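Owing to the predicted nature of the structure, the values given are computational and were not obtained by experimental measurement.
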Amino acid sequence: GEEEAEDHGDAIAMAAGPRARGRASGELPSVLAMVQRMLDLVRDAQSHWRHFQQFFELLHELADLGPEEVQWMLNQHTIRLLVEFYTGDDSSAHAGEQQPRPKKTRMGDKFALPNLSPMVDLLSKLVRSGPPRQPTPEEPDGGWDAAVGSGHAHVFDSLEPLVIPAEDLEIAKSMALFARLVKDEVNAEALDGVVRYFCWMDLDWSEAAMNLACQGINAMEADSLKPYLDLLHLVLRVEDGMEDERVAWGMDRYMRVIAHNMRYRQATIMCFRHLALLITGLPIVRSWVVDHLNILLPEWLLNVSMEWVRQGGTHVALALLHPAMVHIKELQHQVAGAPAHNSRQLRSVADTDMVDTMSEVLVEMIPSVTRVVRDAHASTPRGSSRNSPLEDVAQPYTSMAGAFLMLLGTILTHWPQALLVHFNETFGDLWTLFEVVDVLRVELDDAKRELFKLWARAIHQLPEFADHFAAGSRFDRLLSTFVSLRPGQHYIDYHNAALPALYTVIHSVVTLHPSLLPVLAEHANFDFAIANLLVDSNGYAPTIHHHLLELCALCAAQYPAFRGHQIRRVLGNDRLVQDLEVSWTRLLKLLEMCASAPDDFLEVIKYNGLQQVTIVLRHAHVDFVQTEGASPGDVLRALRLVDQLCAHVYNMTTAGFSTPSWDIGIIPQVLFNLLSRSGQGASRDLIDLCFKIARTVALIDYDCGRRMVTALLQQHESGWLGSHFF
């Protein structure tokens, strides 16, 4: 017995290193004795979970003394002891006992959790002090040299590995332990170090870790996904020469998990955002996704029932195009404070091969999008009501197509050359999609809005693209597209976004093909648009007014019937006339372009247009003087129109024709106000026009002329009107 005790003491002394040698056989050095006593207390530390932070911090500090202390801890199976303490599984400590084991103390309560970070720090240091794998003939050092080279090993001055008992290493690498650590989110920094250490040059363990991450993503609620997403990200970031195999295995599994859980909105959104983060941060993941775009994009973008999947797929596609695109589109959604990027900046750093690949995939998807939208016809019940467009059965289909077309439009905006090479050959597919979508008669149709924008951008880049719309009856079909003008701000916002692009396409077509102007001028939908968007504005954007006025100018220049019809419509619209304070600019522009021939002026006079134009002149001058809402040019344009109309009234009067009965005295009143407010700053053109109009009014109506002379004399005597005006 004494000999055995002596041998045991020598073994302890050898394990303890030189600091223990020279001591009595069987007697532990004081430091190791302290460590031994502390290790004996570990199993009871659970009962003191509120206060054991310093206990494990001290153990960690003792492990920093040197390799001898760490090796002694390893020999004492400290790794197994810490794992059993953490997981609550201490079966090895009670092996062979017949009595039941004591009940474990639950650590933590609803108010506080135990601070286990120092314990995980100690476990990480012990595990990374020896080889990450058991030695084999192919790898005699158990991967130690590679681990040291990676920078993840815990190395001492000698650079030699310490010896970890085989069963302890197996416990430390078990997925059960890591599942618990990841779920509890204990000391993520220390956990990262251990995961990188075991993943390095070890595909089997890497796959097990990624499988654990994917199992958690598959099983956990959205608010518990982050640690599993972080674990997957961590493993995919390992760069040891095996990243191709690691990424291929992990991304394939990850995509299957996402596909399996798409019905869960928040979880899917988190996964897509995480995928976008992987793409922007890891070029190898980006390459893998690009290689699988032909599979992934249809699965994401053609999903009709789950709009969050389409949004997530679009988010990932934008991240592929360029990280800045995520900020630009975030949340069509602008992110406050996001950096501004123009097309030139994006093109200068974009991966053109990737953009070309995505463009080809999207172009090939157009017929599939059309087929899916066509299914909406079968899904819409017969006799279904269109009175609730937001709840329309067909709307999810058009929303799906809209998201797809928005992505096409983004590429066309920033990387036009990638798509323009395909556009002429794919116009037929896009036109078929338009016809299929338009038949559904969805009032807030995302697909048509994005399609109009896409065509307008294509024509901007390639003007001859407009030729496609001139073939056959396409132009008439385009003009006949379903447009529903309901009251409500969301309807106005929709049309403010969609109609300018449509009118841009129409303007380009008739500019290149003037023979189509009669189709436009006589089309009921164009007439409807002028009546409801231009004459009776209802809050629509000035861009819509601008495009409609451009189209009206083209028609008015060629067709007298069109001019007469619009004059009667404008001057016969009580709401427009009564609301001249805000509508005078539209009325002035319409009358200017429509009153270009003697018959047109007669039509304006017949509908009391001279009085309305005079009121327009008054509002233009008031806006110019008070609010700067008008320019001197606006005032002069209104004056010239008044002058032309007065001249025609005079000609009619001298020829013996009757004119509408109205108070012509309103004209001198407006002229006096205009001259007096303009003062010395009035231009010569303005003064001359005012004098000319006043003289014509005096010729038309003797009494009015006499009143003007009397007023001028009174104003001159009071000094209110300057002598140069008098």
Evaluate the side-chain proximity of [Y] to [X]: yes if any heavy-atom separation is below 4.5 Å, no if none is.
X    : Y    : result
L278 : Y254 : yes
T136 : E139 : yes
P227 : E185 : yes
W415 : L321 : yes
I411 : V355 : yes
R256 : D252 : yes
L275 : M251 : yes

Please answer whether the main-chain N or O of [Y] pairs with a side-chain N or O of [X] as donor and acceptor at a distance below 3.5 Å.
X    : Y    : result
W308 : M262 : yes
E243 : G241 : yes
T268 : N261 : yes
T410 : M406 : yes
S224 : M220 : no
S399 : P396 : no
N303 : M306 : yes
R286 : T280 : no

Worked check of side-chain contact (heavy atoms from CB on, under 4.5 Å) between F56 and V120 | CA-CA 9 Å; F56 286 111; V120 178; over 6 Å; no
Worked check of side-chain contact (heavy atoms from CB on, under 4.5 Å) between V70 and F156 = CA-CA 10 Å; V70 174; F156 297 98; 3.7 Å; yes
Going by the rule side chain to side chain donor-acceptor pair (under 3.5 Å), which residues pair with [X] if we only count those two or more places apart in sequence or in a different chain?
X    : value
S124 : R128
S368 : R371
H260 : N218
E299 : none

Calculate, to the nearest 0.5 Å, the distance between atoms [atom1] and [atom2] belonging to [X] and [Y] respectively.
X    : Y    : atom1 : atom2 : answer
M210 : L234 : CE    : CG    : 11.0 Å
L191 : E189 : CG    : CD    : 11.0 Å
S287 : H292 : OG    : NE2   : 11.5 Å
L412 : L420 : CG    : CG    : 5.5 Å
Q71  : L162 : CD    : CG    : 5.0 Å
I79  : L169 : CD1   : CG    : 7.0 Å

With sequence neighbours left out, what residues match [X] under salt bridge (Lys or Arg N to Asp or Glu O under 4.0 Å)?
X    : answer
E307 : R265
D141 : none
D240 : R246
R180 : D184

According to salt bridge (Lys or Arg N to Asp or Glu O under 4.0 Å), does anything in [range] pair up with another residue at least two apart or in another chain? List the pairs.
range            : value
residues 216-226 : K226-D230
residues 275-284 : none
residues 192-219 : R133-D202, K173-D202

At their closest point, which heavy atom of [X] faces which heavy atom of [Y], and how far apart are they?
X    : Y    : answer
W144 : L159 : NE1-O, 3.0 Å
L32  : E69  : CD2-CG, 4.2 Å
S129 : H154 : OG-CD2, 3.4 Å
L407 : A317 : CD2-CB, 3.6 Å
L229 : H274 : O-NE2, 3.1 Å
S117 : V186 : N-CG1, 4.2 Å

May I ask you to decide if the ring planes of F52 and F85 are parallel, tilted or perpendicular, using 30° and 60° as cut-offs?
->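 The arrangement is perpendicular - the two ring planes meet at more than 60°.
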L74 and V163: side-chain contact (heavy atoms from CB on, under 4.5 Å), yes or no, with the steps?
-> CA-CA 7 Å; L74 293 173; V163 179; over 6 Å; no
Result of checking D446, V372, L301 against F404 for side chain to side chain contact (heavy atoms under 4.5 Å, CB included) |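 Per the side chain to side chain contact (heavy atoms under 4.5 Å, CB included) rule, the option paired with F404 is L301, out of D446, V372, L301.
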Start with the C-alpha gap between W288 and M255, add the side-chain angles, then the distance that decides, and say whether side-chain contact (heavy atoms from CB on, under 4.5 Å) holds.
-> CA-CA 11 Å; W288 186 92; M255 294 303 100; 3.7 Å; yes
Check this for me: [X], atom [atom1], are more than 12 non-hydrogen atoms of other residues, nucleotides or ligands nearer than 6.0 Å?
X    : atom1 : result
F55  : CZ    : yes
E167 : CD    : yes
E245 : CD    : yes

T78: partners by side-chain contact (heavy atoms from CB on, under 4.5 Å), with sequence neighbours left out |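 Here the qualifying residues are L39, M73, Q76, L82, L126.
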Below 6.0 angstrom between ring centroids: does that apply to F178 and W205?
->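 Aromatic pair counts; centres sit under 6.0 Å.
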